Amino acid sequence: MDLFEGLGNEFAPAKPPAPRTRKVKKKAAPPVAPPSALEGLQQDKADHTGPALPAIPLRDTLALASFVHPQATRETVLGSARVAYEFKRGKRKTIGFLVGAEGLSVRAPRWVTLRDVDAAIKEKSDWILRKLLETRQRHARVEATRIEWKDGAQFPFMGETVVIRLDPKHGFASVGGTLDASDDGSGPRILRLAVAQNAEASQIRDAAQAWLMRQARRLFIERLDHFAPRLGVRWQKLSLSNAATRWGSASVDGSIRLNWRLIHFRLPVIDYVVAHELAHLRVMDHSHRFWETVESVVPDYDLLRQQLKDEAAPRWS
């Protein structure tokens, strides 16, 4: 996607230092709070001395930050942040920017000069820095959810925490595992897996994934059958995907693909994705008409869509 509209201004060049003049020695001024403390003091200052201090610019919060794409071929400095980015030329009409998990990628037409590319990056600097920071923060949240596969491991199931218990001798009512109430009735629910206590992490992970995928298929079919008549569409086939960045897709023949990892989220979020894909069976784009179709069955879809972006699914690998 080209993100070339609403370009910001280039950073203003630094002002030259003022000429030194002889001054009468004065009493030392009180120490100034560091920039990180200014924001928290703004309201107190406003209450006593007038208008609040201006907000600290994004570029200042990224001082000394470094964002390096693993396939970087060029590099620039935006504010105080070093940005090494992947650069490629191709058959396109405009300069395009993409900020992903690896960093910044820039695409440009073959006839555009490097000077023009540099100017475009400078103009888009605020957007680039904001997206790089958001991506880094999201990656940190995802890393914090990495599961250590062992007895007692935890992960969310439909928005609620579940604790794994390895119980090979349990008489399971369902294949491979069963979900019970907590031992004391007040803590997280227990997922008992038919796995040996000395099982390797990969065996525990595979058993948990198999159980979750069975729950996901059952729930997805139930929600597809719930929303399809309300949208006036018919779905023909459900496939579970394991995509890293895509939650679902729909084909004109009625085939629906849903990421099984959606089972980690609350039911309203799952319903949004299900309704989203079914709505594509009526409108195969993301036009205003499409979003009206989604809204007809999920009125708060915009809030749920944002939650899906903000809430990190557990890291399995």
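None of the values given here were measured: they were computed from a predicted structure.
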- Message: Can you confirm whether Thr73 sits close enough to Lys88 that some side-chain heavy atom of one is under 4.5 Å from a side-chain heavy atom of the other?
- Response: no
- For residues Leu304 and Arg266, determine if any side-chain heavy atom of one lies less than 4.5 Å from a side-chain heavy atom of the other. yes
- Hey, are the side chains of Ile128 and Tyr85 touching, using non-hydrogen atoms and a 4.5 Å cut-off? no
- Heavy atoms of Ala101 and Thr135 approach each other most closely as CA-CG2, 3.9 Å
- Checking Arg289 side chain against Val283 main chain: does a donor-acceptor pair fall under 3.5 Å? no
- Which heavy-atom pair separates Trp149 from Ala201 by the least distance, and what is that distance? CB-O, 3.4 Å
- Is the shortest heavy-atom distance from the side chain of Gln236 to the side chain of Arg234 under 4.5 Å? yes
- Task: Enter the distance from Ile121:CD1 to Thr76:OG1 here, rounded to the nearest 0.5 Å.
- Result: 6.0 Å
- Leu193 side, atom CG; Leu166 side, atom CG - distance, nearest 0.5 Å: 6.5 Å
- Item | Side-chain touch His264/Leu212, heavy atoms, less than 4.5 angstrom | yes
- Item | side-chain hydrogen bond (donor to acceptor under 3.5 Å, both in side chains) against Arg89, all qualifying residues, sequence neighbours excluded | none
- Between the CZ atom in Phe227 and the OG atom in Ser296, the distance rounded to the nearest 0.5 Å is 10.0 Å
- Note on the structure: Hits for salt bridge (charged side-chain N to carboxylate O under 4.0 Å, His left out) against Arg74, two or more places apart or cross-chain, chain-then-number order -> Asp118
- Query: For Trp260, does its backbone N or O pair with a side-chain atom of Asn242 as donor and acceptor, under 3.5 Å?
  - Reply: no
- Item | Polar contact flag, side-chain donor to acceptor under 3.5 angstrom, Glu222-His226 | no
- Note on the structure: By side-chain hydrogen bond (donor to acceptor under 3.5 Å, both in side chains), Asp300 pairs with (sequence neighbours left out) none
- Message: Ignoring hydrogens and geometry beyond distance, is a side-chain donor-acceptor pair present between Thr178 and Arg192 at under 3.5 Å?
- Response: no
- Item | From CZ (Arg107) to CZ (Phe97), nearest 0.5 Å | 11.5 Å
- Please determine if Glu200 and Arg205 form a salt bridge, counting it only when a charged side-chain N lies under 4.0 Å from a carboxylate O. no
- Item | Gln137 and Leu133, any side-chain heavy atoms less than 4.5 Å apart | yes
- Would you indicate whether Gln306, at its atom CD, is surrounded by more than 12 heavy atoms from other residues, nucleotides or ligands within a distance under 6.0 Å? yes
- Just how far is it from atom CG of Leu191 to atom CD of Gln215, taken to the nearest 0.5 Å? 8.5 Å
- Item | Contact summary for Leu278 and Ala228, nearest pair of heavy atoms | CD1-N, 3.6 Å
- Mind checking whether Val112 and Thr94 have side chains closer than 4.5 Å, heavy atoms only? no
- Query: Do Pro109 and Ile95 touch side chain to side chain, with heavy atoms closer than 4.5 Å?
  - Reply: yes
- Tell me, which pairs form a ring-ring contact (aromatic ring centres under 6.0 Å, His included) where one or both residues lie in residues 232-255, sequence neighbours left out? Trp247-Phe265
- Message: Once rounded to the nearest 0.5 Å, what's the spacing between atom CD1 of Ile190 and atom CG of Asp167?
- Response: 10.5 Å
- Message: Going by ring pair (Phe, Tyr, Trp, His ring centres under 6.0 Å), name the residues that satisfy it together with His286, two or more places apart in sequence or in a different chain.
- Response: His276, His280, Phe290, Trp291
- Please go through Val252's hydrophobic cluster and name the other residues, only I, L, V, M, F, W, Y counting, with side-chain heavy atoms under 4.5 Å joining them. Met284
- Query: Between Lys131 and Glu134, does at least one N-O distance fall below 4.0 Å, as a salt bridge requires?
  - Reply: yes
- Item | Atom CD of Glu148: over 12 foreign heavy atoms under 6.0 Å | no
